[in-house]
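What follows is a single structure, written as structure tokens, with notes after it.
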Amino acid sequence: MLDQIALRAELADLYDLSPSTEIARANAHLYRRMDRVVTPPDWAIHAPYVAAINKLKTERGAVILAHNYMTPEIYHGIADVVGDSLQLAIEATKVKADVIVQCGVHFMAETSKILNPSKTVLIPDMEAGCSLAESITAAGIAEMRAKYPGAPVVTYVNTTAEVKAASDICCTSSNAAQIVRGLDSDTVIMTPDKYLAQNIAALVPEKRIVWWDGSCIVHEQYTAQDLRDFRAWSPDIRIIAHPECPPDVVAEADFSGSTSGIIDYVTQQRPEKAMLVTECSMAANISDALPDVDFVGPCNMCPFMKKITLEKVLWSLHTMEGAVEVDPVVADKARVAVQRMIDFSARPSG
Ligand code: 13P
Ligand code: SF4
């Protein structure tokens, strides 16, 4: 893949991408969704890319699925569907378009491909990985099965297709508790996120949960002391943590949920001050819709999610490079685990 500067130069020969206040004005309806966090000069830079992508997207018959951690210009400017991992997986089962562009990380594109084997699924940067997905292979699943014979394996969607194929059922942070609770076994193996597993163990004490030793490089940076410090500084602050954070961090929070769970919570509760203990773009993406909420806290970015840029999206739509492929035998097995999760999530909980 070309670096960002070379990519800009190549694209400039193909499209009119100079900063433009005219194109910025013509796309003011999109800018209104992000004008609290994107400055007018930055929008004049982004708008020509956004306009070119939206035009090319229609010509290619493509749909753009974007995760909640994408930057505001992707999230509000070019995405057709936004959501958390579960919502994007469910949306991927409904896509009519022949081409899906996944603005997110590689495992998300793979999940879309597993669910749509005949469609073209593009990831704008093949190196958009995930520390959790890198932490385990199918051999690790076999190791856990040997250690805990008979226990079902619940695997986080943040994994490769091979790992999903070796598992019994997938989960995301929004359905993990429901799935673990519903399994007919006293012992449940959760892979690869040890913190998600420990947080679910606290919610489902009737089960013995054992876990793999993986973690998210973004969420493991937060400490319980960080949260206590913010609360001491502003006692009325509402702290909302993603369940990939260590359990002592989640214990200090007022609420814990998936990225969409966090958005729903803040949207409904409207706290004056909120600290989202998760990836930095989340607060930026909901900031305009919630002008009464003051978002505070450190900006921890996911280096993998941030590999996805407007330049790379335009390049992938232009060249149709970056198609994700999954071995059909692996995909068939992985689909069983993903579909079980989707079916499980559709059941009434409780
Ligand atoms: P969600 O399922 O909550 O969107 O989380 C995905 C992820 O990678 C969080 O780090
Ligand atoms: Fe993976 Fe963490 Fe990045 Fe999510 S935030 S994609 S879990 S590294």
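Order of listing sets the numbers, starting from 1, for every ligand and every atom in it.
The sulfur atoms (SG) of C216 and C130 lie 2.5 Å or more from each other.
Which parts of ligand 1 touch N158 is read off a 4.0 Å heavy-atom cut-off, strictly below it: atoms 7 (C), 8 (O). Near Y69, meaning under 4.0 Å from one of its heavy atoms, ligand 2 places the atoms 5 (S). Atoms of ligand 2 found under 4.0 Å from any heavy atom of N158 (numbered from 1 in listed order, with element): 7 (S). Ligand 1 places these atoms under 4.0 Å from at least one heavy atom of S85: 1 (P), 2 (O), 4 (O), 5 (O), 6 (C). The ligand atoms of ligand 1 that sit less than 4.0 angstrom from a heavy atom of E244 are 7 (C), 8 (O), 9 (C), 10 (O). Numbered from 1 in the order shown, with element, the atoms of ligand 1 that lie under 4.0 Å from a heavy atom of H242 read 1 (P), 3 (O), 5 (O), 9 (C). Set against the non-hydrogen atoms of L132, the atoms of ligand 2 under 4.0 Å away are 7 (S). Interface of S131 with ligand 2, defined as ligand atoms under 4.0 Å from a residue heavy atom, comprises 8 (S). Interface atoms of ligand 1 facing S258, defined by a heavy-atom separation under 4.0 Å, are 3 (O).
In this structure, E279 does not count as a contact residue of ligand 1, since none of its heavy atoms falls inside 4.0 Å of the ligand. Ligand 1 has no atom lying under 4.0 Å from any heavy atom of N68. Within the structure, the closest approach of S173 to ligand 1 falls below 4.0 Å when heavy atoms are considered. Heavy-atom separations between Q87 and ligand 1 are all 4.0 Å or longer.
Protein heavy atom closest to atom 3 (Fe) of ligand 2, with residue, atom name and distance, is C302 SG, 2.4 Å. The protein heavy atom nearest to atom 2 (Fe) of ligand 2 is C216 SG, 2.3 Å.
A donor-acceptor pair shorter than 3.5 Å cannot be found between the side chains of T223 and Q225. A donor atom on one side chain and an acceptor atom on the other are found under 3.5 Å apart for S260 and Q87.
From F295, atom CZ reaches atom CG of N285 across 10.0 Å, with rounding to the nearest 0.5 Å. For the atom pair CD of E244 and OH of Y195, the computed distance is 12.0 Å after rounding to the nearest 0.5 Å. In this structure, CZ in R270 is found 4.5 Å from CG in D292, a value given to the nearest 0.5 Å.
Proximity of E244 to ligand 2, defined as any heavy-atom pair under 4.0 Å, is confined to the side chain (atoms from C-beta onward).
Taking the six-membered ring where tryptophan is involved, the planes of H219 and Y222 are tilted, since the angle between them lies from 30° to 60°.
Within a 6.0 Å radius of NZ in K333, no more than 12 heavy atoms belonging to other residues, nucleotides or ligands are found.
When only interatomic distances are considered, the shortest N/O to N/O separation between D84 and ligand 1 does not fall below 3.5 Å.
Atom 1 (Fe) of ligand 2 has an N, O or S atom of C130 closer than 2.8 Å.
In this structure, V188 and R208 have side chains that are not in contact, with every pair of non-hydrogen atoms separated by 4.5 Å or more.
Side-chain rings of H318 and Y15 approach one another, their centers coming within less than 6.0 Å.
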- Test side chain to side chain contact (heavy atoms under 4.5 Å, CB included) on K312 and Q4 and set out the steps. CA-CA 8 Å; K312 291 178 192 171; Q4 194 77 353; 3.7 Å; yes

